[in-house]
Every structure is written in C-alpha cells, then in structure tokens.
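Just so it is clear, the values below take in all heavy atoms, side chains as well, and ignore hydrogens, waters and symmetry mates. Numbers restart at 1 for each chain; the letters A, B, ... are given by sequence-line order, proteins then strands.
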Protein chains: 2
Amino acid sequence: MSSAHRRDAAATRAAILRAGVEAFTRYGFDGVGVREIAQSAGVSAMLVNRYFGSKEGLFAEVAEVSMTDRTVLGGDPATLARDIAAALVRRTSPTADDLSPFLLLLRSAANPRAAEILRENIERHVEAHVHEVAPDTRGTDRAAVVLAVIAGFWLLRKVIGSSALNGTDEKTLEATLRRLFETLIPPADG
Amino acid sequence: MSSAHRRDAAATRAAILRAGVEAFTRYGFDGVGVREIAQSAGVSAMLVNRYFGSKEGLFAEVAEVSMTDRTVLGGDPATLARDIAAALVRRTSPTADDLSPFLLLLRSAANPRAAEILRENIERHVEAHVHEVAPDTRGTDRAAVVLAVIAGFWLLRKVIGSSALNGTDEKTLEATLRRLFETLIPPADG
DNA sequence: TCCACAAGTCTACAGTCGTATACTTCGCTT
DNA sequence: AAGCGAAGTATACGACTGTAGACTTGTGGA
C-alpha cells in the first residue's frame, strides 16, 4: 500500500486481497505463508487474520475475485477460438494472465479445503456463462466441453510448458481450436 | 510391507516407493510428509532418506513409475476415443486411476522442483507415444493436442468434479471425443 | 558360534507454519 | 485539546516439517 493514506482500513484490506491473488495464483495455497502475503501488501501478518478471519478466509475471497474478474468463457462465441488462441499465446505476467483462474486451481487443488472453495466458484462461473458460449438447449454440457478443451490446451502450454504445443504459432492454434469448437457449436440456429 | 521377510532391502524400498505413489498422487508433494509415507509403508521415517536420498528423490522416482506404468496415450488410435471415455467414466480408486499421472501433476505442480521433475517426465512420455496416437509427420503437435483434450476433460470430470460433464454418460462422452479427435487425426493416409 | 556389516530406529535440531493474546499508535469526534 | 475507539504491531506458543547423527538390531558367512 502507498504511503498516501496511512490508516485506511478499506485500502489496506484491498491491498492484502491483491497480494493474496498474486501469491496464491503464483505459489498455491500451501506454497505461500500469511507472513509473505502480508509483507508484499506492506502490512503486518496479523492483519490478514483481522480482515479475513484466517488464511482460508482470504483464499475464499481470492477465488471469488479471480473467477469473476477474468473472462474465460465470456465474449462473442463467434470469435471464441481467436480470443482463446490469443490469450494462450500472449506473454503476460502469470497473474495478469486472462486464464489465471486455472492457474489458481492448479496450484491450490492439492489442498482439500482450497479445492472445495474452487469447485463452488467454477460451478457458478460455468453456469453464468452458458448462454454466451453455447446459447441453445442442453448448452451446459457444451459449455463444459469448450471449457475442457480450453483447460487442456492451457494445461499443456502454460503449466507443463510442453515444447510440442509451445512451437505452435497463434494462427495454427486458432485453426485447431476453431475446428474443435465447430464440432460442438453449430454455426447457425440449431 | 508384509511380515514375511523382515529385513529385505529391495522389498522395503519397493514398499516405500508404492506408498510414495499413493501418497503423492492423493495429496501432492507438499500435502504429505515423509513420516506419513514411511508409516503407511510400515517403516521408520528415516528409511525414506536412506533409500531415496531425500523426499525430493523419492518424488522423482514416483513420477517416473507413475508416468511409465500407465497407458494414457498408448493403445490403438482407432479405439482411442472409446478407451479414454471408458477411463473417464470408470469409477476406481484415485491412485488406481488410469489417468493418475495427471492427478500427480495437478496435486504437485505448485512446488517448483516437483513441477520441473514432472515436466521432464511428461515430455519423454509424449515423445515416446507420438507414433501410436498420430503416426504421421508433424505428429508431435497432434499428439499434444490429443493429450490436451484428454487432460481438459479429465480436469473437469475428476478434479473439479463439474456437475455438467459428470451428467454425461459414456456413450455421449465417447461420441464427443471421437468428433474432436477426427478433426485432428485423418481417418486414412494423410 | 561369533562377529562384521547391513538394515532399521530413536532422538534431536533448526526452521516454518497459522494464529491467539497483549500491546501500541494514530485519527476522528466532541 | 482530550480521549476513545479503530488500525496496526510485537511476541510468543504449539504443532509440524525435512533430515542429520548416533544408536540398536538382525542376519549371513566364517
């Protein structure tokens, strides 16, 4: 937090939350301690517990903002393939990544409580964006399949860093994704 | 270890390795301690370090056997969709799962050293099975794409436990996978 | 039978973890 | 200007971590 306002509860809370998103996404729930998070927020460790109850409480809010802030499934279905391909190729910082909710999931899924919190958030997220990605009946399954394809590509590229898929350029990747999606999403009516 | 042989170095080592596969797959590298692993192998904690150098050393061997024992990409390309669909639907114990290498990855990817060990193993695994899943030139990318699709479906079904995809039965899942794979793998020559 | 060496265990250490309790410091209101 | 409540800090505790070192126990060969 900046030295502008020195005793601003809301700002301090926000700073801790931001530091939490960064840290949990980068190192996972078990990979980072509250002391570390508090330090990068510029406050003492105990403020985490004061504002969020516990480390777990902070994580729950982190999951919430991480899932809702980003647009993984949202957007125009027509340009979905291009958008996803661009997001996969784009080289940004790990936490500014458009797909960082996946990263948060992967890094924290080992912890049972964290996994439970994440599952609830993802369910709500898929539910909320069904109509955007597959605006027809029985669209839930199709949205889930699209999400699965995206998640799989992301897994190999960003997490495993597979050299095979990393050699693929954006145009090729987009074409592959488009072909995959076309088998799922009918071009017109239904 | 059983009480048949009481001072068998090879058997003890194997018992620890088996316990390591089970524990790391279930709880991840950071989610389980050497004491716990040793206990479920029926030995004292220090034997882990004696036989594998360190916890990290044990994990490296666990990754090795987990990746090579299972057949994720191996098998007949013609029946790949059916096999994967069956594996996804099949209800087995978490560690007896045919796709447990993915589980090992997901649970341990947060730890930088563990992730590095896993990456090397996966690279070798994809490389070794390229000819089986996509026996043509530039097959590496196609094998990786198939792996990505599998990984994505697995991620949503087994890890997140998405209610959407969990409602899908094996036949529907197989049909979806087949359609996806057919856009990648030409039915004949090339 | 005995003993050397491998197999296995016990104890302890230095570190980190989450967080509860007690404390200090600042800012706003009156 | 005073003081009260909120904002923030310091300290410490108990539990847990990986593993180094010294120890004991068992077994195969002489």
Side-chain angles (χ1 to χ4, degrees), chain A residues 1-20 23-24 26-63 107-108 110-117, chain B residues 1-20 23-24 26-63 107-108 110-117:
Chain A
M1 63 194 288
S2 75
S3 55
H5 299 94
R6 282 236 317 259
R7 245 178 148 92
D8 187 338
T12 301
R13 215 192 112 98
I16 294 173
L17 189 56
R18 243 179 303 131
F24 284 139
R26 210 186 278 274
Y27 308 111
F29 184 81
D30 289 328
V32 68
V34 288
R35 287 173 177 82
E36 205 171 338
I37 294 173
Q39 184 176 13
S40 78
V43 298
S44 136
M46 282 315 298
L47 279 196
V48 172
N49 280 31
R50 173 187 278 281
Y51 285 118
F52 299 92
S54 64
K55 184 189 183 184
E56 191 176 304
L58 172 60
F59 184 81
E61 287 215 30
V62 164
R107 298 258 195 267
S108 300
N111 187 288
R113 279 294 299 131
E116 191 180 327
I117 291 168
Chain B
M1 61 193 290
S2 74
S3 55
H5 299 95
R6 283 235 317 258
R7 244 178 147 91
D8 188 337
T12 302
R13 215 193 112 100
I16 294 173
L17 188 57
R18 243 179 303 131
F24 283 139
R26 211 186 279 274
Y27 308 111
F29 184 81
D30 290 328
V32 68
V34 289
R35 285 173 177 82
E36 206 171 337
I37 295 173
Q39 184 176 14
S40 78
V43 298
S44 138
M46 282 314 298
L47 279 196
V48 172
N49 280 27
R50 174 187 279 281
Y51 284 117
F52 299 91
S54 64
K55 184 189 185 184
E56 191 177 303
L58 172 61
F59 184 79
E61 287 214 31
V62 164
R107 297 257 195 269
S108 301
N111 187 289
R113 280 293 300 132
E116 191 181 327
I117 292 169

**Request:** Report the residue (Ala9(B) or Asn49(A)) whose heavy-atom-nearest nucleotide on DNA chain C is the more 5′ of the two.
**Result:** Ala9(B)
**Prompt:** Looking at residues 51-63 of chain B, who's got a heavy atom less than 4.0 Å off DNA chain C?
**Reply:** Tyr51(B)
**Message:** Could you report the tightest heavy-atom contact between Ala19(B) and Ser40(B), atom names first, then the distance?
**Reply:** CB-OG, 3.5 Å
**Request:** Kindly give the heavy-atom pair with the smallest separation between Arg107(A) and Ala110(B), and that separation in Å.
**Result:**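 Heavy atoms of Arg107(A) and Ala110(B) come nearest at O-CB, 3.2 Å.
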4.5 Å side-chain heavy-atom contact, [X] and [Y]:
X         : Y        : value
Ile117(B) : Glu56(B) : yes
Leu17(B)  : Tyr51(B) : no
Asn49(A)  : Met46(A) : yes

**Prompt:** So, does the side chain of Arg35(A) form a donor-acceptor pair with the base of dT19(C) at under 3.5 Å?
**Reply:**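 Indeed, a donor on one side and an acceptor on the other fall under 3.5 Å apart.
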**Prompt:** Under 3.5 Å, is there an N or O donor on one side and an acceptor on the other linking the side chain of Arg50(A) and the base of dG8(D)?
**Reply:**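 Yes.
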[atom1] of [X] versus [atom2] of [N]: gap in Å, rounded?
X        : N       : atom1 : atom2 : result
Phe29(A) : dC17(C) : CZ    : P     : 13 Å
Arg7(B)  : dT24(D) : CZ    : C1'   : 9 Å
Asp8(B)  : dA6(C)  : CG    : C1'   : 12 Å
Tyr27(A) : dC17(C) : OH    : C1'   : 18 Å
Ile16(B) : dA7(C)  : CD1   : P     : 12 Å
Leu47(B) : dT9(C)  : CG    : P     : 5 Å
Gln39(A) : dT9(D)  : CD    : P     : 12 Å
Asp30(A) : dC16(D) : CG    : C1'   : 13 Å

Candidates [options] - which lies nearest the side chain of [X]:
X        : options                  : value
Val34(A) : dA6(C), dG27(C), dT19(C) : dT19(C)
Met46(B) : dT19(C), dT9(C), dT25(D) : dT9(C)
Ser44(B) : dG26(D), dC10(C), dA7(D) : dC10(C)

**Non-neighbouring partners of Glu116(A) that pass side chain to side chain donor-acceptor pair (under 3.5 Å), sequence neighbours left out** = Arg113(A)
**Asked** So does Thr12(A) get a side-chain nitrogen or oxygen closer than 4.0 Å to the phosphate oxygens (OP1/OP2) of dA7(D)?
**Response** no
**Request:** Using the six-membered ring wherever Trp is involved, compare the ring planes of Phe24(A) and Phe29(A) and label them parallel, tilted or perpendicular (cut-offs 30° and 60°).
**Result:**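 Aromatic pair Phe24(A)/Phe29(A) classed parallel.
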